[in-house]
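All heavy atoms count here, side chains included; hydrogens, waters and symmetry mates do not. Lettering of chains follows the sequences in order, A, B, ..., and the numbering in each one begins at 1.
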2 protein chains.
Amino acid sequence: MAETRWLDDDEQATWRAYLEGTRLLIHALDRQLETDSGVSFADYELLVLLSEAPGHRLRMRDLADASFTSRSGVTRAVTRLEDAGWVRRVECDDDRRGMHAELTEAGAAKLAEAAPGHVSAVREHMFDHLSEADRAHIRDAYTRMRAHLLG
Amino acid sequence: MAETRWLDDDEQATWRAYLEGTRLLIHALDRQLETDSGVSFADYELLVLLSEAPGHRLRMRDLADASFTSRSGVTRAVTRLEDAGWVRRVECDDDRRGMHAELTEAGAAKLAEAAPGHVSAVREHMFDHLSEADRAHIRDAYTRMRAHLLG
DNA sequence: CGGGAATAGTTGACCGCGCAACAATGTCGT
DNA sequence: ACGACATTGTTGCGCGGTCAACTATTCCCG
């Protein structure tokens with residue numbers, strides 16, 4: 001075991017600002033969506049993913065991969081969304097194990113209703129505080145981090 | 001309600017890379033701590049906060065504020081840490097409502113054991129992928145965001 | 001072809017967290 | 001000094017998530 005390279009003051013400050021800012025940001029976005037539209041941030045993201053998919057549907061596994069959560073998490077989330085009427089399950093015809101989650105009209109409408117407020121909140125709490133340079137650095141840095149963590 | 005300013009492609013890319021990278025990062029740190037030292041990331045952070053406090057103790061409310069979580073979350077977390085022997089509750093003598101959470105010797109030892117691996121993971125998954133400029137931009141940007149969200 | 005290995009989705013058990021409600025205590029104005 | 005109000009920490013409840021185990025199906029290779 002090599003000598004530990006502790007974080008210096010600047011790294012500490014970066015790490016804490018990032019962690020705490022992120023915690024506050026996600027919390028704020030969750031609250032905004034919940035109070036204004038009755039959707040959790042997690043559910044909102046699933047609706048977005050489905051709305052972008054061809055035919056407004058995705059295999060359960062693809063939804064799990066795309067949302068970076070577990071399969072069981074997706075199972076429960078889709079059940080939740082189905083109960084709300086925003087998603088329906090459709091059997092796969094080429095794989096009898098498979099299930100599609102498909103956005104309903106009501107789901108699309110809910111998304112359309114929730115999106116403007118959410119985007120405004122994302123701007124207000126994040127992008128309004130970023131310069132062009134900030135944004136570019138954040139984009140590139142997190143893209144590299146994500147690639148590393150997926151590898 | 002004004003016209004919604006949607007996120008352009010670059011903002012979308014930034015937003016997704018950040019969200020997904022963060023999700024993967026936190027998950028990786030949690031797993032590393034859990035498997036190598038039997039501590040969750042959340043608990044680790046509480047131990048750090050206590051270790052930095054004068055007398056290795058903090059009021060419950062201060063611990064909640066410092067960790068950016070709810071009071072009830074801290075109550076349960078401290079109970080958990082108490083059961084593990086890493087923290088003890090100490091009554092406040094100047095406020096009979098008050099409770100201190102105080103790091104025990106075992107808690108300090110656990111922290112000392114877990115810290116090197118955790119810091120290595122933070123470097124490997126985050127700081128190793130950041131240039132000096134990246135870090136400065138992230139530090140400043142999230143510091144502003146945090147201040148805004150606290151305001 | 002046939003049978004072991006991989007994969008899809010669900011379920012059960014459990015965990016951690018936030019909110020709202022609560023009792024106990026402290027604070028402050030009049 | 002007293003009553004209205006604020007604050008502290010805990011709790012009940014529900015949500016959303018993981019992991020491990022399970023069934024059903026598909027894949028793949030000898």
Side-chain angles (χ1 to χ4, degrees), chain A residues 19-20 22-35 37-47 57-84 86-102, chain B residues 19 22-24 26-35 38-47 57-84 87-102:
Chain A
L19 275 191
E20 295 167 6
T22 297
R23 204 159 295 172
L24 290 167
L25 173 63
I26 300 300
H27 194 250
L29 295 178
D30 210 7
R31 297 277 292 180
Q32 183 276 321
L33 277 171
E34 195 71 64
T35 63
S37 311
V39 199
S40 69
F41 186 38
D43 287 352
Y44 177 87
E45 287 192 299
L46 294 181
L47 295 181
R57 53 162 64 179
L58 278 175
R59 286 288 295 262
M60 299 296 277
R61 88 176 121 82
D62 296 327
L63 197 46
D65 292 349
S67 64
F68 293 88
T69 60
S70 67
R71 304 239 167 138
S72 58
V74 168
T75 291
R76 292 178 211 284
V78 167
T79 301
R80 216 159 54 226
L81 295 170
E82 216 173 12
D83 290 346
W86 300 331
V87 160
R88 66 173 144 261
R89 279 184 166 84
V90 179
E91 291 182 3
C92 244
D93 50 355
D94 58 327
D95 184 342
R96 301 208 304 201
R97 295 167 303 182
M99 281 300 228
H100 291 281
E102 182 179 292
Chain B
L19 275 191
T22 297
R23 203 159 297 172
L24 290 166
I26 300 301
H27 193 251
L29 294 178
D30 209 6
R31 299 273 291 182
Q32 184 275 323
L33 276 170
E34 195 71 64
T35 64
V39 199
S40 70
F41 186 37
D43 287 353
Y44 177 86
E45 287 191 298
L46 294 181
L47 295 181
R57 53 163 64 179
L58 280 175
R59 285 287 295 261
M60 299 296 276
R61 87 175 123 82
D62 295 328
L63 197 46
D65 291 350
S67 63
F68 293 87
T69 59
S70 67
R71 302 236 168 141
S72 58
V74 168
T75 291
R76 294 175 215 284
V78 168
T79 301
R80 215 160 51 227
L81 295 170
E82 215 173 14
D83 291 345
V87 160
R88 66 174 143 260
R89 276 183 168 84
V90 179
E91 291 181 4
C92 243
D93 51 354
D94 58 328
D95 185 342
R96 299 209 301 196
R97 296 168 301 180
M99 282 298 234
H100 290 281
E102 183 178 292

* **Spacing between A:Tyr44 atom OH and D:dG16 atom P, to the nearest angstrom** => 17 Å
* Between D:dT7 atom C1' and B:Asp65 atom CG, what is the distance in whole Å? -> 12 Å
* To do: With the side chain of B:Arg80 defined as its heavy atoms from C-beta on, choose the nearest nucleotide among D:dG16, C:dC17, D:dT18.
  => C:dC17
* A:Arg89 CZ: over 12 foreign heavy atoms closer than 6.0 Å -> yes
* To do: Provide, to the nearest angstrom, the distance between the CD1 atom belonging to B:Ile26 and the P atom belonging to C:dG16.
  => 16 Å
* To do: Give one of base, sugar-phosphate or nothing for B:Thr69, where a contact means two heavy atoms less than 4.0 Å apart.
  => sugar-phosphate
* Taking only side-chain nitrogens and oxygens of B:Arg97, does any of them come within less than 4.0 Å of OP1 or OP2 of D:dA6? -> no
* Which part of the nucleic acid, if any, lies within reach of B:Arg23 when heavy atoms closer than 4.0 Å are counted: base, sugar-phosphate only, or nothing? -> nothing
* Asked: In degrees rounded to 10°, what angle is found between the helical axes fit to the five outermost pairs at each end of the helix from C:dC1-D:dG30 to C:dT30-D:dA1?
  -> 30°
* Asked: Would you say the base of D:dG9 and the side-chain of B:Arg76 have a donor-acceptor pair closer than 3.5 Å?
  -> no
* With a 4.0 Å cut-off on heavy atoms, is B:Ala42 in touch with a base, just the backbone sugar-phosphate, or nothing at all? -> sugar-phosphate
* Asked: Does any non-hydrogen side-chain atom of B:Asp95 lie less than 4.5 Å from one of B:Arg59?
  -> yes
* Tell me which of A:Asp95 and A:Val74 sits closer to the 5' end of DNA chain D, going by the nucleotide each one is nearest to. => A:Val74
* Asked: Which part of the nucleic acid does A:Gly98 contact within heavy-atom distance under 4.0 Å: base, sugar-phosphate only, or nothing?
  -> sugar-phosphate
* To do: Could you check if a side-chain atom of B:Val87 sits within less than 4.5 angstrom of a side-chain atom of B:Arg80, using non-hydrogen atoms only?
  => no
* Contact check, side chains of B:Tyr44 and B:Leu29, non-hydrogen atoms, under 4.5 Å -> no
* Asked: Closer to the 5' end of DNA chain C via nearest nucleotide, is it A:Asp62 or B:Ser40?
  -> A:Asp62
* Touch class at under 4.0 angstrom, heavy-atom based, for B:Thr79 against every strand present -> nothing
* NA contact type, B:Arg61, heavy-atom cut-off 4.0 Å: base, sugar-phosphate, or nothing? -> sugar-phosphate
* To do: Report the nucleotide, chosen from D:dC19, C:dC19, C:dT10, that has the shortest atom-to-atom distance to any side-chain atom of A:Met60.
  => C:dT10
* What is the distance from CZ of A:Arg96 to C1' of C:dA8, rounded to the nearest Å? -> 14 Å
* Structure fact -> Here the distance between atom C1' of D:dT7 and atom CG of B:Asp94, to the nearest Å, is 14 Å
* Calculate the interatomic distance between B:Met99 atom CE and C:dG26 atom P; express it in whole Å. => 14 Å
* **Any N/O donor-acceptor pair, B:Ser72 side-chain to C:dC19 base, under 3.5 Å** => yes
* To do: Looking at every strand, decide which applies to B:Arg71 at a 4.0 Å heavy-atom threshold: base, sugar-phosphate, or nothing.
  => base
* Rounded to the nearest Å, what distance is computed from the CG atom of residue A:Leu58 to the P atom of nucleotide C:dG9? -> 11 Å
* To do: Examine C:dC19: is either OP1 or OP2 under 4.0 Å from a nitrogen or oxygen in the side chain of A:His27? Give yes or no.
  => yes
* Closest contact, heavy atoms only, A:Ala64 versus A:Ser70 -> CB-O, 4.1 Å
* Structure fact -> Taken to the nearest whole Å, CZ/A:Phe41 to P/C:dG18 is 16 Å
* Structure fact -> B:Val78 and B:Ala101 have their tightest heavy-atom pair at CG2-CB, 4.1 Å
* Structure fact -> Nearest heavy-atom contact between A:Val74 and A:Ser67 is CG2-OG, 4.2 Å
* To do: List the atom of B:Phe41, the atom of A:Leu19, and the distance in Å for their closest heavy-atom pair.
  => CZ-CD1, 3.9 Å
* To do: Please determine if a side-chain N or O atom of B:Arg89 lies less than 4.0 Å away from the OP1 or OP2 oxygen of D:dT8.
  => no
* To do: For residues B:Ser40 and B:Leu33, determine if any side-chain heavy atom of one lies less than 4.5 Å from a side-chain heavy atom of the other.
  => no
* To do: Return no unless some side-chain N or O of A:Arg59 is found under 4.0 Å from OP1 or OP2 of C:dT7.
  => no
